[in-house]
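Below: one structure, written as structure tokens.
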Amino acid sequence: MTAAVSKNLKDMTFEDFCRTVFDTTKRFEKPETLKGVRVVSTTQYILGPSCACYLAELGAETIKVELPKRGEPMRHTTPFNEPFLYPLSRWMPDKGTGLGFFGANANEYFLSLDFHKPEAIQIMKRLAAKTDVFCENYRAGTFDRWGIGYRQHAQVNPRTIYQWMGGFGGWGPGRNRASYDILGQAQGGCFSITGWHKEYGGMPSKQTIWIMDYWGGAISAFNIIACLYWRDNVSNKGNFLEYSQVHGAQRHLTDFISLYGKTGVVAQRFGNWEPLLCVHGILKCGKSSYPNSKNPQEQEVGFCFVSAYKDEDFVNLCNLINRPDLAKKYPTHSDRVGADAQSAIYPELEKWAADKTKEQAWEEFKKAGLVSQPVWNSKEVSAQEHYHLRGSLAWIDDPTFGDVQTQVLPALMSETPPRVRWVFKPVGADNEYVLAKLCGYSGSHIAELEQKEII
Amino acid sequence: MIFKDSSLLLQCPKCTVINYLDPFTFWNFKGKIKCAGCDAIWEYALVNGHRQGPPAEGKAPHDRLPGFAQTTDWKPITTPGKVAPAPQAREDFQGKPIPIAKSIRGKVVSGSPLKAEDLVGSVPKMFYTGI
Amino acid sequence: MGFIHGTGAPVAFGGTPTRSGWWLADQVGGTFAAMGAMAALFAREKFLGKGQFVECTAAEGVMRIIDYNWGWHGMDGSVRPRYGNWDLAINIYAVNPCADGQIMVGGGHDRLWFRIWRAVGKDRPELEQHICEDPKLRVVTDRLPHYMQVETYTTMCDWTKDKTRAQCEKSLQEEEVASGGVSFLDEVCEFPHYKYRGHLEICDDTNYGKVLIGASSFIGMNTPGRIKWIGRTVGQDNEDVYRRLAGLDRERLKALRKGGVI
Ligand SMILES: CC(C)(COP(=O)(O)OP(=O)(O)OC[C@H]1O[C@@H](n2cnc3c(N)ncnc32)[C@H](O)[C@@H]1OP(=O)(O)O)[C@@H](O)C(=O)NCCC(=O)NCCS
Ligand SMILES: [Zn+2]
């Protein structure tokens with residue numbers, strides 16, 4: 001950025017500098033990172049779609065292919081069956097797309113194709129000639145069977161980067177097993193270490209969100225961009241990539257896995273406390289922050305995270321709660337971190353917090369110089385101006401659906417920022433556009449395909 | 001009585017309403033449950049989801065309400081006070097598609113069913129016309 | 001970031017907000033930072049011709065992947081509740097207890113819904129019949145309200161309670177349904193499929209000896225990821241780096257070391 005850093009920028013404080021180069025109101029004045037890269041996303045659920053979506057947020061021209069008429073299954077999922085965005089498609093204006101689809105399909109063009117029809121396979125081959133990246137997460141081998149797998153695409157276009165994503169991988173004794181996000185959580189190992197321990201009445205818990213999917217998609221997208229770089233600058237070769245949800249989980253559980261490898265100890269769940277650090281956990285505060293709210297989510301008592309594992313911080317914390325004796329009893333970190341010590345310390349902290357809201361506890365912790373943060377719900381986070389200014393949350397005027405609040409790829413980039421242009425579109429919304437532009441089909445040809453239920 | 005011997009589906013011997021004892025709350029349980037159909041109180045115990053004997057009639061008050069209940073011909077009972085409350089995301093939670101016309105900021109959002117006519121003249125809703 | 005508020009069981013089930021058992025936010029934030037940096041590299045070579053400044057925080061990483069939270073709140077003011085091991089938006093898609101632990105069963109669409117109940121019906125035909133004939137559960141989206149989920153999973157658990165994780169898995173896989181037990185870490189480390197595919201490997205590290213680790217999950221035909229060492233001691237590569245890249249000689253290295261700079 002040497003040339004770009006004008007004298008003006010050089011003299012700013014760091015904060016002003018960041019504010020200027022990341023200014024989210026200027027997003028659309030800057031170029032896009034993956035400009036000129038074309039992605040075809042034949043994906044369903046979240047794992048595959050989110051991967052393609054990140055690429056689209058970074059500016060790749062991404063074409064999503066889904067089943068004609070009904071679209072992919074995620075369109076028919078929505079929390080407790082309440083919110084939908086209409087129309088589902090131009091053919092079904094009275095049906096809507098559920099919010100399960102939200103967050104994993106932004107900026108894409110929507111093409112519908114029924115792969116059981118030979119014409120659809122022809123269309124895919126035509127697309128392959130002009131496409132850099134394929135993302136796919138059907139059962140391993142399904143696309144090969146249909147004649148549109150990596151090997152078939154590579155014959156048309158050897159520079160193709162083809163990313164398959166799934167549960168257990170494309171080979172190995174368990175390869176045929178179907179998979180979903182929580183299966184990845186369950187069998188990958190991270191499920192068994194989340195949640196309260198038995199003594200506290202808890203059971204293994206899932207991470208509420210579809211983490212193995214959204215995050216697996218991110219890992220895959222990273223790999224794809226790396227391969228694009230390698231293709232364009234090093235080898236001129238395409239690539240066939242595989243991502244397995246369980247493998248992704250295992251890669252990131254390293255300390256727990258090494259613990260087992262070294263000692264045979266099987267790590268267990270430890271609730272809201274941290275097995276390696278103490279105090280570093282979430283406390284229950286006895287009071288609700290919104291006692292008069294009618295929403296049960298807000299009537300709940302609050303929770304607040306606090307960290308004081310360093311000796312001097314721990315002394316401060318003990319003084320704050322008027323229990324200096326605890327600081328004497330557990331002077332060093334190794335005195336505190338054992339399970340018995342933690343079980344003795346946390347209840348004392350919660351006794352102190354019993355007559356406070358999470359905000360009050362937060363204030364007191366801040367005054368004592370401790371790192372802390374109340375547990376916020378989605379309403380409280382939405383209300384943070386901070387995130388809207390930084391552009392990680394944004395209200396956009398979606399061309400189809402109107403005023404929606406959405407998340408945006410969180411990597412802030414000074415020259416080529418990511419952006420969300422639309423959150424998604426109805427099923428088959430871009431059939432005409434994509435088939436005319438990339439396959440050269442005429443209007444009447446496209447109408448005929450529609451009539452034959454190919455698109 | 002279809003579920004006479006089931007464990008987690010407690011069918012009331014009096015009124016045959018099926019009380020659903022959800023696994024979160026009842027997997028391991030000992031106490032009194034109030035039938036959502038006839039308010040009868042049943043003493044009941046479960047260990048790892050297995051019941052420890054048929055329900056025995058008990059006296060009020062109850063310890064727990066069933067998670068859900070319905071009659072054998074699928075008429076649901078969800079009245080507050082009969083079954084345990086559902087987790088709610090808002091005070092006026094309904095569990096069925098709700099028509100939404102305005103976002104919480106008060107601007108137009110397309111959250112209600114449309115008719116074919118509504119699409120006419122709307123490029124994004126209809127299809128791309130710029131071929 | 002709405003994550004902890006939403007993880008764990010709801011109050012009605014006796015739960016509280018819960019943290020993730022592993023350092024999830026750091027890992028997710030790191031992944032997005034790597035993606036941003038890699039994309040910047042790509043753009044630099046392709047058209048931009050210069051570098052750029054990339055910033056990424058863990059909190060916003062989690063906010064990006066927290067499903068539909070923001071859209072939902074924006075539409076009708078909803079605050080995402082906790083829902084334990086069930087799912088707000090998909091039924092069947094959950095983890096529930098069974099005879100020897102917990103079992104995950106998933107089937108987001110109709111085809112799999114009926115297959116799941118067929119598996120249950122082989123042992124308990126009355127359960128299959130009562131669910132499949134329920135008029136309230138005919139349409140996929142009609143199965144989503146809370147009380148419908150209670151009906152579904154309570155019925156299913158009356159079947160799983162008699163079966164171990166392995167037995168549930170076997171019956172469900174006969175119907176090609178996605179299912180699997182909640183595995184503890186020893187089970188994960190010893191699972192034949194993972195061993196065969198090398199998800200876990202022993203890294204014979206020059207510093208730390210043999211350490212069992214999760215292998216790189218970047219599987220690629222031409223460019224497979226790999227882990228060469230798990231970490232180095234502080235300053236282990238000082239000599240190499242400062243000499244090779246900065247051209248420092250013995251004397252200056254010594255001086256820097258003495259001054260506590262390196
Ligand atoms: C998610 C999953 C379990 C779904 O399984 P599934 O629907 O039973 O089967 P497949 O993935 O093989 O998909 C093939 C089916 O998709 C349907 N389908 C979806 N889109 C289609 C399209 N555009 N054209 C034609 N058929 C389509 C067909 O019915 C087809 O079945 P058929 O050929 O037997 O008629 C499976 O795809 C899977 O394990 N994927 C990997 C893991 C993953 O990504 N999970 C999702 C993350 S939560
Ligand atoms: Zn009764």
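Values in this document were obtained by computation on a predicted structure and should not be read as measured data. Order of the sequence lines fixes the chain letters, A, B, ..., with proteins taken first and strands second; residue numbering starts at 1 for each chain.
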| message | At a heavy-atom distance under 4.5 Å, which candidate from A:Met74, A:Glu380, A:Lys284, A:Gln268 has the highest pair count against chain C? | response | A:Gln268
| query | By a 4.5 Å heavy-atom criterion (distance strictly below it), what part of A:Pro204 contacts chain C: side chain, backbone, both, or neither? | reply | both
| message | Give me the atom names and distance for the closest heavy-atom approach of C:Arg19 to A:Thr194. | response | O-CG2, 3.5 Å
| Does any heavy atom of chain C fall under 4.5 Å from the side chain of A:Tyr150, the backbone, both, or neither of them? | side chain
| A:Lys262 atom NZ, over 12 foreign heavy atoms within 6.0 Å | yes
| request: First locate atom CE of C:Met35, then atom CG of A:Leu58, and finally report the distance between them rounded to the nearest 0.5 Å. | output: 7.0 Å
| In terms of heavy-atom proximity below 4.5 Å to chain C, should A:Asp403 be classed as side chain, backbone, both, or neither? | neither
| Region of C:Leu24 in contact with chain A, defined by heavy-atom distances below 4.5 Å | side chain
| Atom group of C:Ala39 that falls short of 4.5 Å from chain A, counting heavy atoms | both
| field | Per-residue contact mode, A:Tyr45 against chain C (heavy atom under 4.5 angstrom) | value | side chain
| message | Between A:Gln297 and C:His5, is there a side-chain donor-acceptor contact under 3.5 Å, judged purely by atom types and distance? | response | yes
| Under 4.0 Å between a Lys/Arg side-chain N and an Asp/Glu carboxylate O for C:Glu176 and A:Arg177? | no
| field | Residues, nucleotides or ligands: over 12 heavy atoms within 6.0 Å of A:Lys237 NZ | value | no
| Below 6.0 angstrom between ring centroids: does that apply to A:Tyr387 and C:Trp70? | no
| request: Rounded to the nearest 0.5 Å, what's the gap from CD on A:Gln185 to OG on C:Ser20? Could you check? | output: 8.0 Å
| said: So, taking the atom named CG in A:Leu259 and the one named CG in C:Leu185, what distance separates them when rounded to the nearest 0.5 Å? | reply: 8.5 Å
| C:Leu112 versus chain A, heavy atoms under 4.5 Å apart: side chain, backbone, both or neither? | side chain
| field | Top contributor to chain A interface from C:Val188, C:Val54, C:Val95, C:Val79 [non-hydrogen pairs under 4.5 Å] | value | C:Val79
| note | Whatever's closer than 4.5 Å to a heavy atom in chain C on A:Lys379 counts as both
| Are A:Tyr260 and C:Glu190 close enough that some pair of their side-chain heavy atoms sits under 4.5 Å apart? | yes
| note | To the nearest 0.5 Å, atom CG of A:Leu99 lies from atom CG of C:Leu88 at 11.5 Å
| query | Can you find a pair of side-chain heavy atoms, one from C:Thr18 and one from A:Phe303, that are under 4.5 Å apart? | reply | no
| note | If one checks every heavy atom of C:Tyr194 against chain A at 4.5 Å, the contacting part turns out to be side chain
| 4.5 Å side-chain heavy-atom contact, A:Asn223 and C:Met38 | no
| By a 4.5 Å heavy-atom criterion (distance strictly below it), what part of A:Asn233 contacts chain C: side chain, backbone, both, or neither? | side chain
| Proximal component of C:Gln173, with respect to chain A [non-hydrogen, under 4.5 Å] | side chain
| Nearest-0.5 Å distance, CD1 of residue C:Ile90 to CD1 of residue A:Ile182 | 8.0 Å
| remark: Applying a strict 4.5 Å limit to non-hydrogen atoms, the region of C:Asn91 in contact with chain A is neither
| field | C:Trp23 side chain reached by A:Glu274 side chain, heavy atoms, under 4.5 Å | value | yes
| task | Mind checking the OG-CE spacing from A:Ser392 to C:Met63? Nearest 0.5 Å is all I need. | result | 4.0 Å
| query | Do the side chains of A:Ser50 and C:Ile65 get nearer than 4.5 Å, heavy atoms only? | reply | no
| said: Can you tell me which residue among A:Phe222, A:Tyr54, A:Trp215 is in a ring-ring contact (aromatic ring centres under 6.0 Å, His included) with C:Phe32? | reply: A:Tyr54
| Engaged part of A:Trp230 at the chain C interface, taking heavy atoms whose separation is under 4.5 Å | side chain
| Within the 6.0 Å centroid threshold, strictly below: C:Tyr83 and A:Phe80 | yes
| How about C:Phe47: does its CZ atom have over 12 heavy atoms from other parts shown lying under 6.0 Å from it? | yes
| Which region of C:Ile227, side chain (C-beta onward) or backbone (N, CA, C, O), has a non-hydrogen atom less than 4.5 Å from a non-hydrogen atom of chain A, or is it both or neither? | side chain
| request: Output the option from C:Gly49, C:Ala215, C:Cys56, C:Ala94 having the highest count of non-hydrogen pairs under 4.5 Å with chain A. | output: C:Ala215
| Ignoring hydrogens and geometry, is there a side-chain-to-backbone donor-acceptor pair from A:Gln407 to C:Asp67 under 3.5 Å? | yes
| task | Check whether A:Trp395 gets within reach of chain C through its side chain, its backbone, both or neither, counting any heavy atom under 4.5 Å. | result | side chain
| request: Measure distances from C:Lys46 to the heavy atoms of chain A and classify the residue's part below 4.5 Å as side chain, backbone, both or neither. | output: side chain
| field | Interchain contact, C:Asp87 with chain A, by part (heavy-atom threshold 4.5 Å) | value | both
| task | Answer with side chain, backbone, both or neither: which region of C:Tyr208 has an atom nearer than 4.5 Å to a non-hydrogen atom of chain A? | result | backbone
| message | Using side-chain heavy atoms (C-beta onward) and a distance below 4.5 Å, is C:Phe42 in contact with A:Leu34? | response | yes
| query | Which atom pair, heavy atoms only, marks the closest approach of C:Arg197 to A:Ser244? | reply | NH2-CB, 3.7 Å
| task | Using non-hydrogen atoms and a 4.5 Å limit, figure out which bit of A:Asn239 sits close to chain C: side chain, backbone, both or neither. | result | both
| field | Heavy-atom contact with chain A under 4.5 Å, split by part of C:Leu41 | value | both
| Contact part of C:Trp86 toward chain A, heavy-atom cut-off under 4.5 Å: side chain, backbone, both or neither? | backbone
| said: Do A:Thr416 and C:Gln52 pair up side chain to side chain, a donor and an acceptor below 3.5 Å, judged on atom types alone? | reply: yes
| note | Bottom line for A:Cys190: the part with an atom under 4.5 Å from chain C's heavy atoms is both
| task | Could you tell me which residues satisfy side-chain hydrogen bond (donor to acceptor under 3.5 Å, both in side chains) with A:Ser179, sequence neighbours excluded, listed by chain and number? | result | A:Gln245
| task | Report yes if the side chains of A:Ser205 and C:Asn85 come closer than 4.5 Å at any heavy-atom pair, otherwise no. | result | yes
| task | Select one option (side chain, backbone, both, neither) describing which atoms of A:Val37 are under 4.5 Å from chain C's heavy atoms. | result | side chain
| query | Going by heavy atoms in the side chains, are A:Ser192 and C:Glu187 under 4.5 Å from each other? | reply | no
| request: Could you tell me which portion of A:Ile282 (side chain, backbone, both or neither) has an atom closer than 4.5 angstrom to a non-hydrogen atom of chain C? | output: side chain
| query | Centroid-to-centroid, C:Phe53 to A:Phe17, below 6.0 Å? | reply | yes
| request: Sort C:Ile213 into side chain, backbone, both or neither according to what part of it lies under 4.5 angstrom from a heavy atom of chain A. | output: both
| Got a sec, which residues hit ring pair (Phe, Tyr, Trp, His ring centres under 6.0 Å) with A:Tyr214, two or more places apart in sequence or on another chain? | none
| request: Take A:Ser235 and C:Asn222 through the test side chain to side chain donor-acceptor pair (under 3.5 Å) and record every step on the way to the result. | output: CA-CA 10 Å; A:Ser235 69; C:Asn222 293 326; over 6 Å; no
